[in-house]
Undergrad: 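I'd like to ask you about the structure that follows.
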Amino acid sequence: MTHVISIINLKGGVGKTQTTIALSEFLAANYNKKVLIIDLDPQTNATVSLMDENRWLEQDKKGNTVFQLFSDKVYNTKLFNIDNSIVKNVSNIDSGIKNLDLLPSSLRLIDIQDKLPLVSNSGYFIKTPITILKESLANVITNYDYVIIDCPPNLGLITLSGIFISDYYLIPTIPDILSTYGIPQILTRINAFKNDAGINIRPLGIVISMFRSNNRLHNSIVESLKYKERKGDYPRIFDTYIPLSVKISEAAEYQAGVKTLPQKYGYELYDRYNHLVEEVLKYVE
Ligand SMILES: Nc1ncnc2c1ncn2[C@@H]1O[C@H](COP(=O)(O)OP(=O)(O)O)[C@@H](O)[C@H]1O
Ligand SMILES: [Mg+2]
């Protein structure tokens with residue numbers, strides 16, 4: 001059975017991409033899962049951290065990215081091919097991680113994003129671009145145990161096409177005011193979309209990212225998030241917090257040329273991500 005998880009927050013810079021990559025790498029390398037990452041963010045951060053940039057530019061030129069998928073919908077073409085687009089064994093660890101695949105994004109997704117609403121004529125649903133990610137993945141999705149979707153920081157049509165195929169969504173947040181500000185909106189809007197579209201997505205939880213344990217604001221925001229969890233207003237707050245770490249930003253570079261996960265993340269973060277993945281597995285499986 002395939003489990004699909006969207007990683008979302010309406011704010012940029014909160015750790016969405018980092019969470020997507022780490023969850024996927026650990027699931028594939030340490031838990032023997034077959035994982036597909038879908039990069040839906042026009043910023044292409046996940047893509048360029050996971051594959052060689054020249055190879056990606058070559059693929060993009062040939063239309064082998066999610067750009068082509070949405071462009072087909074706007075211009076009524078049929079150029080996107082899922083098998084040619086999925087890159088196998090990605091990650092900057094050694095020569096890639098076995099069973100970790102990527103459907104890359106493209107900077108050109110920004111242009112198509114603005115044209116997409118033109119295709120939709122009635123509300124969210126019914127032959128809008130919402131269904132096209134699902135349609136395009138139909139023949140490959142069952143090859144994977146997990147599909148992890150790196151969403152852009154909005155709930156536009158491209159994001160909703162990912163939400164449409166998701167069983168869960170996970171919200172990474174820095175425990176500060178601006179990063180947590182949009183959480184109620186995410187919960188409300190995804191719930192409304194769920195009812196509209198007749199899908200069964202559930203919140204998986206909130207992951208505290210870039211946590212600074214000696215920071216008073218961080219600690220008090222974590223407390224208030226937990227209070228809202230207890231009241232039932234917010235989904236679960238994962239027990240595992242991801243600390244702020246210099247190591248991560250260095251290791252994110254594709255050229256970093258690391259050999260193993262502990263080398264990439266350092267031992268502390270390596271442990272944290274293993275714990276996080278164990279929590280995810282416990283709630284999902
Ligand atoms: N735990 C962390 N410690 C330090 N830097 C981090 C951590 N997580 C992410 N970063 C860095 O912070 C920046 C934003 O993270 P990113 O995952 O790209 O956020 P988003 O996808 O939400 O925009 C990136 O440069 C990333 O490498
Ligand atoms: Mg990102």
Side-chain angles (χ1 to χ4, degrees), residues 5-26 37-51 53 56 65-66 90-93 102-107 109-110 113 148-156 158-159 162-163 169-183 185-186 204-215 217-219 221-222 237-258 261-277:
I5 307 173
S6 277
I7 313 295
I8 179 130
N9 189 315
L10 300 180
K11 182 147 181 348
V14 298
K16 292 181 297 295
T17 299
Q18 181 51 46
T19 305
T20 301
I21 291 176
L23 271 185
S24 305
E25 288 182 328
F26 282 70
I37 296 176
I38 301 177
D39 187 0
L40 285 187
D41 191 348
Q43 298 214 14
T44 69
N45 292 348
T47 298
V48 295
S49 325
L50 288 164
M51 69 183 290
E53 190 172 0
W56 165 59
T65 69
V66 290
V90 293
S91 166
N92 63 347
I93 290 182
L102 169 73
L103 179 54
S105 185
S106 162
L107 295 168
L109 206 52
I110 300 170
Q113 197 167 261
I148 313 282
I149 306 177
D150 191 14
C151 295
N154 61 53
L155 282 164
I158 291 177
T159 307
I163 298 290
Y169 62 100
L170 187 150
I171 307 173
T173 187
I174 303 173
D176 64 22
I177 290 163
L178 291 178
S179 312
T180 53
Y181 191 65
I183 294 178
Q185 210 185 351
I186 300 173
L204 185 57
I206 297 172
V207 176
I208 308 293
S209 67
M210 299 185 226
F211 181 60
R212 286 182 281 145
S213 56
N214 55 3
N215 180 291
L217 179 68
H218 277 207
N219 283 292
I221 299 249
V222 167
I237 316 295
F238 279 83
D239 290 337
T240 314
Y241 305 166
I242 304 303
L244 187 75
S245 146
V246 184
K247 187 98 182 161
I248 279 195
S249 358
E250 291 167 1
E253 299 285 324
Y254 184 76
Q255 290 80 4
V258 285
L261 283 176
Q263 194 194 346
K264 175 164 178 176
Y265 290 98
Y267 281 100
E268 191 197 354
L269 273 176
Y270 178 77
D271 279 349
R272 296 294 178 105
Y273 278 123
N274 274 321
H275 282 131
L276 184 64
V277 169

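Every number for a ligand or one of its atoms is a count from 1 in the order of the listing.
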Undergrad: Any idea which heavy atoms bring Met210 and Gly13 closest together, and the distance?
TA: CE-O, 3.5 Å
Undergrad: What atoms of ligand 1 come within less than 4.0 Å of a heavy atom belonging to Gly12?
TA: 23 (O)
Undergrad: To which protein heavy atom is atom 9 (C) of ligand 1 closest, and what is the distance rounded to 0.1 Å?
TA: Met210 CE, 3.5 Å
Undergrad: Counting each atom of ligand 1 from 1 as listed, which ones have a heavy atom of Ser245 under 4.0 Å away?
TA: 2 (C), 3 (N), 4 (C), 5 (N)
Undergrad: When only distance counts, is Asn45 in polar contact with ligand 1, meaning an N/O pair under 3.5 Å?
TA: no
Undergrad: Is it the side chain (CB and beyond), the backbone, both or neither of Thr17 that lies under 4.0 Å from ligand 1, heavy atoms counted?
TA: both
Undergrad: For Pro172 and Asn9, work out which heavy atoms get closest and say how close.
TA: O-ND2, 2.9 Å
Undergrad: Atom 24 (C) of ligand 1: protein heavy atom closer than 4.0 Å?
TA: no
Undergrad: Considering the heavy atoms of Gly13, write down every atom of ligand 1 situated less than 4.0 Å from one of them.
TA: 14 (C), 19 (O), 20 (P), 22 (O), 23 (O)
Undergrad: In chain order, what residues pass the side chain to side chain donor-acceptor pair (under 3.5 Å) check against Gln185, with sequence neighbours excluded?
TA: none
Undergrad: For the atom pair OG1 (Thr47) and CG (Leu107), what is the distance rounded to the nearest 0.5 Å?
TA: 9.0 Å
Undergrad: Looking at Gln18, which atoms of ligand 1 are within less than 4.0 Å of one of its heavy atoms?
TA: 8 (N), 9 (C), 17 (O)
Undergrad: What's the count of protein N, O or S atoms under 2.8 Å from the Mg ion (ligand 2)?
TA: 1
Undergrad: Suppose we measure from atom 27 (O) of ligand 1 to each protein heavy atom; which comes out shortest, and what is that distance?
TA: Ser249 CA, 3.8 Å
Undergrad: If we ignore hydrogens and angles and just use 3.5 Å, is the side chain of Asn219 paired with the main-chain N or O of Ser213 as donor and acceptor?
TA: yes
Undergrad: May I ask you to list the atoms of ligand 1 that are less than 4.0 angstrom from any heavy atom of Gly15?
TA: 15 (O), 16 (P), 17 (O), 19 (O), 20 (P), 22 (O)
Undergrad: Could you state the interatomic distance from CD1 (Ile242) to OG (Ser209), rounded to the nearest 0.5 Å?
TA: 8.0 Å
Undergrad: Does the protein place any heavy atom closer than 4.0 Å to atom 21 (O) of ligand 1?
TA: yes
Undergrad: To the nearest 0.5 Å, what is the distance between CG on Leu102 and CD1 on Ile148?
TA: 12.5 Å
Undergrad: If you count the atoms of ligand 1 from 1 in the order shown, which ones are under 4.0 Å from a heavy atom of Ile242?
TA: 1 (N)
Undergrad: Could you tell me which atoms of ligand 1, counted from 1 in the order shown, lie closer than 4.0 angstrom to a heavy atom of Val14?
TA: 19 (O), 20 (P), 22 (O)
Undergrad: Charged N to carboxylate O under 4.0 angstrom, Lys247 versus Glu268?
TA: no
Undergrad: What pair of heavy atoms forms the shortest contact from Val258 to Gln263, and how long is it?
TA: C-OE1, 3.9 Å
Undergrad: How are the rings of Tyr241 and Phe211 set to each other: parallel, tilted or perpendicular (split at 30° and 60°)?
TA: perpendicular
Undergrad: With a 4.5 Å limit on heavy-atom distance, are the side chains of Leu10 and Tyr181 in contact?
TA: no
Undergrad: Please report the shortest heavy-atom distance between Asn45 and Asp39, naming the atom on each side.
TA: N-OD2, 4.1 Å
Undergrad: The test is side-chain contact (heavy atoms from CB on, under 4.5 Å); show your working for Tyr265 and Glu25 and say whether it passes.
TA: CA-CA 11 Å; Tyr265 290 98; Glu25 288 182 328; 2.6 Å; yes
Undergrad: Which bit of Pro243 gets closer than 4.0 Å to ligand 1, counting heavy atoms only: side chain, backbone, both or neither?
TA: backbone
Undergrad: Among protein heavy atoms, which lies nearest atom 6 (C) of ligand 1, and at what distance?
TA: Ile248 CG2, 3.8 Å
